[in-house]
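As structure tokens, the structure follows; a few thoughts come after it.
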Amino acid sequence: MKEVIKSVKGTRDFFPKEMAVRRWLIDHMRQVSTQFGFQEYEGPCIETIDLYAAKSGDELVKEQSFVFPDRSGELLALRPELTPTLARMIASKQNELVFPLRWWSFGPFWRYERPQKGRSREFYQWNVDLIGTDSIQADAEVIAVICEFLKSIGLIPEQVKILVNNRRLMDACLDDLGFTTDQKPSIHKLIDRIDKMSSNTWEQYAVDININPQQLKDLKNILNDDLMWEKSEELVELIESLKWLGFSEYIQFDPKIVRGLDYYTGTVFEAKEMTGNFRAICGGGRYDNLVADVGGSPLTGVGFAMGDVVIQLVLESLGLIPQTINQPNSVFVTIFDGECMPFSYQIANLLRESGMNVILNPGIEKLNKQFKYADRLGVNFVIVVGPDEIRESTVTIRNLDKHNQFTVVIKEAVEFLSGLLAGD
RNA sequence: GUGCCUGUAGCUCAACGGCAGAGCGCCUCACUGUGGAUGAGGAGGUUGAGGGUUCGAAACCGUCCAGGCACCCCA
């Protein structure tokens, strides 16, 4: 056989079956975002490299972005994340926007890394941000959006949790242990990894980054202290607000959640599936100086990003992906032969005008082939317009699901079919 | 960028170094006005590529390519 040209590494094809699942996810994201009063926005997929140099600057841009020169030689990047674009958009209209701003977006992103389970080079992300307020209630509201979404797609608190922590609380603890500001990023990494390594290698790793035995012991105590949140006024308030919002069961304090990104300042959180077999479903937190980096006045905000890959893996593992039929609420009109063809067109037009989705068989084929085709398309109702029907001004409507059929006069066909489709 | 694993029909996979196969799917027919079921036929392969070892390689060896997983990073 001929060699089929391959797709680009780390990209995915969305055949109708996969596309239906993606559509289903997006519909829920839109629904929940709107329900909480967030407005949809979108930015360009390509940006100048300068935009990212201003903020990200780190590995995300240098190592993991698709960067290329345009024909004039200017360096552009396929966006690896949305936040810099969001900051730029806000900065450009800072004086006319209504704050606090509640915005959401869903679109494609690209990162040049080795694909693996839960990670691809082209992926989609749902971004939700609430900007221009530093109230803890804003943090709670954004977390509630995630909870409502998880709930709406069928994930229950026993299966998935939002793990929350607070950077200020952790930093205060690390100060108490005598860690310097310079040490903190590596300590964050260490904490982030405690569940990913065996305890021996983890302790060796701790020694490697110059932690003394006493500090290590204290650190382990902190990471096992499930009640430490009580020492943080912000966390107490956050958890209280989430109780009022009705999502206590989805929320769990976890001192091991610190997040890798440096720009988080207060609340941080991740949604995790409880068996621990998957990467984080989403991640986010509170940040300062969002807009200052691209030339605006400083604004604080809180937000999160959810990729489309991990959530799908989780839903798949729990059998929660809906089985979609290919052509829901569609009607298939057969063509009996050349003589009868005009009548089939007439019927198809009539049904389409009354708002139905109609598939007309392309060309003349044996009736059994047309039926088989309709069946494989997932259509429920097939219409036959043959010599008998034409003579009597009727059509025959077969219900493929129920294995029965009726012959009705054309005038009543629309109403009859509408009834069948509605009762479907 | 580093490490490990895997490449055989459209898909899932068999085949001790000795004739390249099965299940599912696909096409045709039984079915000249009716889909799934059943039966009978049929198509489909340079075993990822190109070398080496061997009387003989899908299998063994090394090279390349592709994919998966883990690390890195992160959605």
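Each chain gets a letter, A, B and so on, in the order its sequence line appears, and its residues count up from 1.
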Before accepting this row, confirm whether a basic side-chain N of the pair A:D50/A:R88 lies closer than 4.0 Å to the acidic partner's carboxylate O.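 Salt bridge between A:D50 and A:R88, a charged N being under 4.0 Å from a carboxylate O: no.
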
Answer with yes or no whether [X] presents, from its side chain, a donor or acceptor under 3.5 Å of a partner atom in the base of [N].
{"X": "A:E270", "N": "B:rA75", "result": "no"}
{"X": "A:E389", "N": "B:rG33", "result": "yes"}
{"X": "A:R279", "N": "B:rC74", "result": "yes"}

Quickly work out the [X] [atom1] to [N] [atom2] distance and round it to whole Å.
{"X": "A:M306", "N": "B:rA75", "atom1": "CE", "atom2": "P", "answer": "12 Å"}
{"X": "A:Q64", "N": "B:rC72", "atom1": "CD", "atom2": "C1'", "answer": "8 Å"}
{"X": "A:R119", "N": "B:rA75", "atom1": "CZ", "atom2": "P", "answer": "7 Å"}

Quick one: is [N] close enough that its OP1 or OP2 comes under 4.0 Å of any side-chain N or O from [X]?
{"X": "A:R114", "N": "B:rC69", "answer": "no"}
{"X": "A:K6", "N": "B:rG67", "answer": "no"}
{"X": "A:R193", "N": "B:rC73", "answer": "yes"}
{"X": "A:K117", "N": "B:rG68", "answer": "no"}
{"X": "A:Q116", "N": "B:rC69", "answer": "no"}

Check whether the side chains of [X] and [Y] place a donor and an acceptor atom closer than 3.5 Å, and report yes or no.
{"X": "A:Q125", "Y": "A:N127", "answer": "yes"}
{"X": "A:E392", "Y": "A:T394", "answer": "no"}
{"X": "A:E122", "Y": "A:W110", "answer": "yes"}
{"X": "A:W126", "Y": "A:S33", "answer": "yes"}

With a non-hydrogen cut-off below 4.0 angstrom, is A:F336 in contact with a base, only sugar-phosphate, or nothing?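 Base contact - A:F336 has a heavy atom under 4.0 Å of at least one base atom.
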
Using a cut-off of 4.0 Å on non-hydrogen atoms, how would the nucleic acid contact of A:Q370 be classed: base, sugar-phosphate, or nothing? nothing

With a centroid cutoff of 5.5 Å and a plane-angle limit of 30°, would you call A:F123 stacked on B:rA75? yes

If each of A:V379 and A:K369 is mapped to the nucleotide of RNA chain B with the nearest heavy atom, which maps nearer the 5' terminus, i.e. the 5' end?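 The residue mapped nearer the 5' terminus is A:K369.
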
Comparing A:K366 with A:K189, nearest RNA chain B nucleotide closer to 5' gives the residue A:K366

